[in-house]
Amino acid sequence: MKRRKLQSLLMLLVLIVCSLSGCNRGPVNPDLTETPVPTQKLEVTATPMPTATEKTVKIRNLNGLHVIIGDTYSPETTPAPTNAQEEATKLYREDIMQKYNFTIGAKKVAAWEEMEEVYINSVLEGKPDAQVFELDYRFFAKPFSMGLFYDLATLEELDISINDRDRKGKWSGAVNKVMTKGKSIYGMRSKPIEPGGGILWNKRLFEEARLDPDLPYDLQASGEWTWSKFEEICAILTRDTDGDGQTDVYATCSDGTDTLQCLVSSTGRDFIAVDKDGKIYNNCKDEDVLGAMEYAAELYEKGYEKPRPSDAVSDWYISAFQEGKAAMQFAEEALCKPDAPYGENCMTDAVGFVVPPKPDGQEEYYTYVYGNIWVIPSCYDAETAADIAFAYDLYTNQTPGYNDPVSYGEPYYPDFYRSGEYDERVIKETLPHYNDDETTNFLTRYLVDGLDVRDLTMNYPFVERTPEECVEGVWDFWQKLIDASNESVSVRE
């Protein structure tokens with residue numbers, strides 16, 4: 001009898017040790033070929049010998065849960081680490097997967113143009129192709145309006161509140177603001193947000209007009225980068241270089257949507273906005289929004305902007321800027337990537353980038369940002385969603401030992417490289433503005449299914465009708481779309 005009792009005690013000890021050490025953890029490397037079916041969650045509490053500073057540690061056993069982060073671009077095989085930080089990140093993720101008994105990894109689940117349909121259909125069927133989806137900002141209005149995003153604010157495992165200052169820097173406040181409805185939050189982003197619209201300029205053309213090629217940087221830094229100062233510069237840059245009475249170099253040439261979006265955003269407003277309760281509303285009749293559109297029309301009327309040629313293709317303004325026919329352009333930073341239209345591989349002239357000029361008398365610079373958003377499908381039950389959130393939160397943590405934040409602008413150095421030099425001022429002075437949650441807005445219009453801002457901006461430069469008349473022309477249609485969006489999305493009070 002004593003031997004049997006001793007054997008029973010030994011077996012019990014083995015089971016306890018297995019539970020605490022992670023026996024039956026499953027594979028370390030995720031098998032991302034099938035959508036996993038999570039098993040019941042088990043929590044095990046380990047109580048080490050207490051000290052003055054130690055606390056009881058809860059080990060969450062996810063029972064072999066596989067978490068696929070679905071996107072449109074991940075390679076089939078994860079690339080090997082190329083530096084010490086990537087190696088440390090790999091080891092960190094292996095450690096958390098062992099410790100908490102789960103696997104996680106990114107996987108291409110659809111082509112870019114197919115992702116919206118794949119997301120909607122798989123979630124409606126209750127068999128999502130991934131547990132966390134990365135959705136292009138242009139494709140989440142429809143599934144959002146259909147109620148297919150899980151309310152992340154109900155998950156204690158994801159503390160992404162915009163008031164959470166302890167973890168400031170991990171979750172994008174701009175995304176949190178736009179995805180918040182009452183007490184509900186439907187999307188997240190742990191990566192730095194993408195810089196949006198601003199002013200690009202050709203430094204060579206500034207010099208030829210006898211302007212300091214870094215003048216916009218100086219004005220931005222001093223707080224004097226205003227609408228009136230921008231107009232003064234436009235007058236100098238608009239030139240007849242051969243004396244034939246015809247303008248040869250214009251101050252600007254831009255897409256009408258980019259021009260209007262940058263100037264409207266510079267006021268801290270937007271065409272479509274969200275109130276404090278998370279309700280979307282049509283803001284086109286706001287005096288600041290109308291004022292920005294009227295200012296844009298005035299710039300065109302004064303001859304500072306190159307007119308659209310009668311035989312122009314849709315992106316005519318890109319060729320015009322590349323060829324030096326205009327010195328400035330309202331555009332997004334992404335056009336400066338090395339292989340993009342204004343990158344080193346496509347354009348030899350050096351370009352600079354600053355935020356849009358601000359209205360006279362306004363203290364702050366405002367602009368907009370954009371980027372993909374990560375969501376959890378709404379079809380999961382609370383327990384499964386909590387496990388997915390727990391795993392994803394761990395996965396997106398900073399790698400231990402590399403907790404010092406990287407400069408927001410650092411990844412953009414290659415975009416502003418010319419003649420063996422980097423443009424330090426755009427990295428250190430301009431781009432930080434796009435990482436300020438207080439002065440940037442994520443474009444709310446992308447939350448409204450069927451709303452196309454070009455319904456309004458196609459009327460630029462407002463030669464035949466005033467901005468007010470053009471707003472009236474789209475108001476009723478946009479309002480119906482906005483009402484439908486507000487009615488379809490659940491808001492927790």
Side-chain angles (χ1 to χ4, degrees), residues 116 134-145 149 162 171-181 185-189 191-199 254-276 278-286 288-290 292-293 296 330-335 353 355-356 358 364-375 431 433-458 460 471 474-475 477-479 481-482 484-486 489:
E116 181 183 56
E134 178 183 347
L135 296 182
D136 187 287
Y137 62 99
R138 289 160 289 192
F139 293 151
F140 61 72
K142 187 172 183 179
F144 183 63
S145 70
F149 298 161
I162 57 176
W171 305 107
S172 167
V175 169
N176 286 350
K177 284 190 292 185
V178 78
M179 298 302 291
T180 295
K181 303 296 173 188
I185 304 177
Y186 290 100
M188 57 190 164
R189 182 183 174 97
K191 294 182 178 180
I193 200 71
E194 300 289 341
I199 294 286
S254 307
D255 174 69
T257 299
D258 291 337
T259 299
L260 295 176
Q261 185 63 69
C262 282
L263 288 174
V264 168
S265 294
S266 76
T267 69
R269 306 289 191 269
D270 201 354
F271 298 108
I272 307 299
V274 180
D275 66 20
K276 61 182 179 63
K279 290 288 187 181
I280 302 170
Y281 64 95
N282 194 338
N283 198 41
C284 288
K285 293 182 180 179
D286 178 269
D288 288 331
V289 174
L290 288 172
M293 289 193 281
F330 291 96
E332 294 180 349
E333 189 280 337
L335 288 175
F353 184 64
V355 297
K358 61 185 177 181
E364 299 285 353
Y365 295 113
Y366 291 97
T367 188
Y368 70 91
V369 292
Y370 67 97
N372 294 353
I373 292 180
W374 281 253
V375 300
L431 296 186
H433 285 283
Y434 295 87
N435 197 36
D436 186 343
D437 294 339
E438 302 300 321
T439 58
T440 56
N441 287 308
F442 198 102
L443 299 181
T444 306
R445 67 174 185 260
Y446 291 117
L447 297 180
V448 183
D449 187 28
L451 193 151
D452 189 341
V453 74
R454 290 173 296 183
D455 295 341
L456 174 60
T457 60
M458 66 180 293
Y460 177 79
V471 166
V474 302
W475 185 269
F477 176 60
W478 281 14
Q479 192 60 51
L481 297 176
I482 291 169
S485 180
N486 283 329
V489 178

Within 6.0 Å of NZ in Lys142, more than 12 heavy atoms from elsewhere:
no
Modelled atom types, side-chain donor and acceptor of Tyr368 and Glu332, under 3.5 Å:
yes
Any Ile199 side-chain heavy atom under 4.5 Å of Phe353 side chain:
no
Salt bridge check: are Glu194 and Arg189 linked by an N-O gap of less than 4.0 Å?
yes
Looking only at heavy atoms, the pair that brings Leu456 and Trp478 closest together is CB-CH2, 3.8 Å
Heavy-atom pair with the smallest gap, counting every atom of Leu135 and Val375:
CD1-CG2, 3.9 Å
How far apart are the closest heavy atoms of Ala296 and Thr259, and which atoms are they?
CB-CG2, 4.1 Å
Does the side chain of Tyr365 reach to within under 4.5 Å of the side chain of Thr439, using non-hydrogen atoms?
no
Within the 4.5 Å heavy-atom criterion, are Trp171 and Val175 side-chain neighbours or not?
no
As an exercise, state the distance from CZ of Phe477 to CG of Asn282, rounded to the nearest 0.5 Å.
12.0 Å
Does some side-chain heavy atom of Glu364 sit less than 4.5 Å from a side-chain heavy atom of Lys358?
no
Least distance between heavy atoms, Val448 atom then Ala141 atom:
C-CB, 3.8 Å
Closest non-hydrogen contact found for Cys284 with Val289 is O-CG1, 3.9 Å
Donor-acceptor pair, Thr367 side chain versus Gly197 backbone, under 3.5 Å?
yes
Does Ser265 reach the main-chain N or O of Cys262 with its side chain, forming a donor-acceptor pair under 3.5 Å?
no
Going by heavy atoms in the side chains, are Phe140 and Asn372 under 4.5 Å from each other?
no
Nearest 0.5 Å, please: how far is NZ in Lys285 from CG in Asn283?
11.5 Å
List for me each residue that meets ring-ring contact (aromatic ring centres under 6.0 Å, His included) alongside Phe149, sequence neighbours excluded, and say none if there are none.
Tyr119, Phe144
If the condition is ring-ring contact (aromatic ring centres under 6.0 Å, His included), which residues does Tyr366 pass it with, not counting sequence neighbours?
none
With side chains defined as the heavy atoms from C-beta onward, is the minimum distance between Phe271 and Leu260 less than 4.5 Å?
yes
Mind running side chain to side chain contact (heavy atoms under 4.5 Å, CB included) on Met179 and Leu447 for me, showing each step along the way?
CA-CA 8 Å; Met179 298 302 291; Leu447 297 180; 3.6 Å; yes
Taking only residues two or more places apart in sequence, or in another chain, which ones meet Ser485 in a side chain to side chain donor-acceptor pair (under 3.5 Å)?
none
So, the side chain of Asp136 versus the backbone of Arg138: is there a donor-acceptor pair under 3.5 Å, distance only?
yes
The reported gap from CG in Asp286 to OG1 in Thr267 (rounded to nearest 0.5 angstrom) is 7.0 Å
If we ignore hydrogens and angles and just use 3.5 Å, is the side chain of Lys177 paired with the main-chain N or O of Asp437 as donor and acceptor?
yes
Any side-chain heavy-atom pair from Val274 and Lys279 closer than 4.5 angstrom?
no
Between Lys181 and Tyr186, is there a side-chain heavy-atom distance shorter than 4.5 Å?
yes
Is the closest side-chain donor-acceptor distance between Asp270 and Gln261 under 3.5 Å?
yes
Please report the closest heavy-atom contact between Tyr434 and Ile193, naming both atoms and the distance.
O-CG2, 3.4 Å
Side chain to side chain contact (heavy atoms under 4.5 Å, CB included), paired with Tyr281, selected from Thr444, Asp275, Asn486, Ile272:
Asp275
In plain terms, say whether Asp288 and Arg269 are close enough for a salt bridge, that is, a side-chain N and a carboxylate O under 4.0 Å apart.
yes
